[in-house]
Novice: 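So that we are looking at the same thing, I have put the structure below in structure tokens.
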Amino acid sequence: MRLEKEPNVLYSEEEIAERITELGKEISKDYEGKEIVAVTLLRGGFIFTADLVRRISVPVNVDFMTTSSYGHGETSTGIVNIIHDVREDLEGKHVVIMDDIIDSGNTMLKVKKYIEAKNPASVKICVMLDKPSRREVDLDPDYVGFEIPNLFILGYGLDYEDFCRGIPYIATFDEVEK
Ligand code: IMP
Ligand code: MG
């Protein structure tokens with residue numbers, strides 16, 4: 001799919017790289033002496049995870065989970081299904097769930113509860129973007145790249161009608177003031 005107009009840059013590749021380096025340091029410090037299982041939510045979380053795990057200095061075991069939510073496009077509904085589970089046995093492990101964005105929080109809440117049922121030693125949530133004004137559930141991420149207002153985002157893993165995940169910067173069609 002070809003875009004009719006270029007989206008606006010909300011965060012550039014350089015700003016993303018800088019923030020990811022900071023997040024990696026913070027996580028490495030918090031998990032010093034431990035190992036992490038990074039559970040990446042597909043599809044949106046793949047680029048963020050790929051960049052972040054390369055900035056974490058403690059051992060990271062990367063695994064993947066796919067969720068689906070009814071409804072297409074920008075918003076998820078409260079009904080979230082896990083359609084592909086992790087391969088690792090998470091019992092006794094330190095899990096960090098990694099995703100592109102937390103919006104309503106419905107996806108993350110479902111995934112967090114699902115993972116907690118596997119008896120891990122701990123579970124934390126790490127997202128590149130947080131839209132707190134959109135939250136429908138009582139859940140806040142432990143690590144956040146950038147907190148943003150209610151804009152529609154594409155690029156850096158986030159899709160626009162299933163395309164555009166490969167745009168290397170965090171983009172929006174909305175007007176941005178920076
Ligand atoms: P939630 O369950 O409402 O928190 O939605 C989480 C999922 O919705 C994310 O993992 C994204 O796949 C998608 N999503 C939320 N906001 C946006 C956006 O601005 N652009 C693209 N996808 C989004
Ligand atoms: Mg997603």
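Whatever order the structure lists ligands and atoms in, that order sets their numbers, starting from 1. Heavy-atom basis, side chains included; hydrogens, waters and symmetry copies ignored.
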Novice: Can you sort out which atoms of ligand 1 are near D99, meaning under 4.0 Å from one of its heavy atoms?
Specialist: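 Listed by number with element, the hits are 10 (O).
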
Novice: With the threshold set at 4.0 Å, does a side-chain nitrogen-carboxylate oxygen contact exist between R19 and E15?
Specialist: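 No, this pair does not count.
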
Novice: Set out, in order, the CA-CA distance, both residues' side-chain angles and the distance that settles salt bridge (Lys or Arg N to Asp or Glu O under 4.0 Å) for R165 and D100, then state yes or no.
Specialist: CA-CA 10 Å; R165 294 186 196 272; D100 50 359; 5.0 Å; no

Novice: Going by the atom numbers of ligand 1, which of them fall below 4.0 Å from some non-hydrogen atom of G105?
Specialist: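 So the answer, numbered in order with elements, is 1 (P), 3 (O), 4 (O).
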
Novice: Find all atoms of ligand 1 within a distance of less than 4.0 Å from any non-hydrogen atom belonging to K131, and give their numbers and elements.
Specialist: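 Counting atoms of ligand 1 from 1, those under 4.0 Å from K131 are 16 (N), 17 (C), 18 (C), 19 (O).
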
Novice: Would you call D162-R43 a salt bridge at under 4.0 Å N-O?
Specialist: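 Looking at D162 and R43, the cut-off is met.
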
Novice: What I want to find out is whether K131 reaches D103 closely enough, with some N-O distance under 4.0 Å, to be called a salt bridge.
Specialist: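 Judged by the 4.0 Å cut-off on N to carboxylate O distance, K131 and D103 do form a salt bridge.
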
Novice: Does ligand 1 have an atom under 4.0 Å from some heavy atom of D159?
Specialist: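 In this structure, D159 qualifies as a contact of ligand 1 - some heavy atom is under 4.0 Å.
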
Novice: Does ligand 1 have any atom sitting under 4.0 Å from a heavy atom of R134?
Specialist: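 Outside the 4.0 Å threshold, so no.
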
Novice: Heavy atoms only: which of L129, I101, D130, V111 is nearest to atom 15 (C) of ligand 1?
Specialist: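 Residue with the shortest heavy-atom distance to the ligand atom: I101.
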
Novice: Would you call the rings of Y11 and F146 parallel, tilted or perpendicular if under 30° counts as parallel and over 60° as perpendicular?
Specialist: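 Taking F146 first and then Y11, their aromatic rings lie parallel (interplane angle under 30°).
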
Novice: Given that the side chain starts at C-beta and the backbone is N, CA, C, O, which of these parts of L154 lies under 4.0 Å from ligand 1, counting heavy atoms, or is it both or neither?
Specialist: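 Under 4.0 Å from ligand 1, L154 contributes no heavy atoms.
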
Novice: Measuring only between side-chain heavy atoms, which start at C-beta, is S122 closer than 4.5 Å to H94?
Specialist: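 Heavy-atom side-chain distance check passes, below 4.5 Å.
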
Novice: Below 4.0 angstrom from a heavy atom of T107, which ligand 1 atoms are there? Numbered from 1 as shown, please.
Specialist: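 Reading through ligand 1 atom by atom, the close ones are 1 (P), 2 (O), 5 (O), 6 (C).
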
Novice: Where does I153 meet ligand 1, judged by heavy-atom distances below 4.0 Å: at the side chain, the backbone, both, or neither?
Specialist: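 Both backbone and side chain.
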
Novice: Atoms of ligand 1 less than 4.0 Å from F152 heavy atoms?
Specialist: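 Per the distance check, 18 (C), 19 (O), 20 (N), 21 (C).
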
Novice: Please state whether L151 comes within less than 4.0 angstrom of ligand 1, counting heavy atoms only.
Specialist: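 Yes, that is the case, since the closest heavy atom of the residue is under 4.0 Å from the ligand.
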
Novice: Say whether G44 and ligand 1 are in contact under the criterion: heavy-atom distance to a ligand atom below 4.0 Å.
Specialist: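 Flag not set, G44 not near ligand 1.
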
Novice: Is it the case that E136 and N106 place a side-chain donor and acceptor less than 3.5 Å from each other?
Specialist: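 Checked: E136/N106 side chains pair up, N/O donor to acceptor below 3.5 Å.
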
Novice: What I'd like to find out is whether the side chain of C164 reaches to under 4.5 Å of the side chain of L154, using heavy atoms alone.
Specialist: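 SC-SC contact between C164 and L154 confirmed.
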
Novice: For atom 12 (O) of ligand 1, state which one of V127, D100, L139 supplies the nearest heavy atom.
Specialist: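 The option holding the nearest heavy atom is D100.
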
Novice: Could you list which atoms of ligand 1 come closer than 4.0 Å to a heavy atom of S104?
Specialist: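 Heavy-atom distances to S104 below 4.0 Å select 1 (P), 2 (O), 3 (O), 4 (O).
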
Novice: List in chain and number order the residues that pass side-chain hydrogen bond (donor to acceptor under 3.5 Å, both in side chains) with D85, two or more places apart in sequence or in another chain; answer none if no residue qualifies.
Specialist: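 Partners of D85 under the side-chain hydrogen bond (donor to acceptor under 3.5 Å, both in side chains) test: Y114, K118.
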
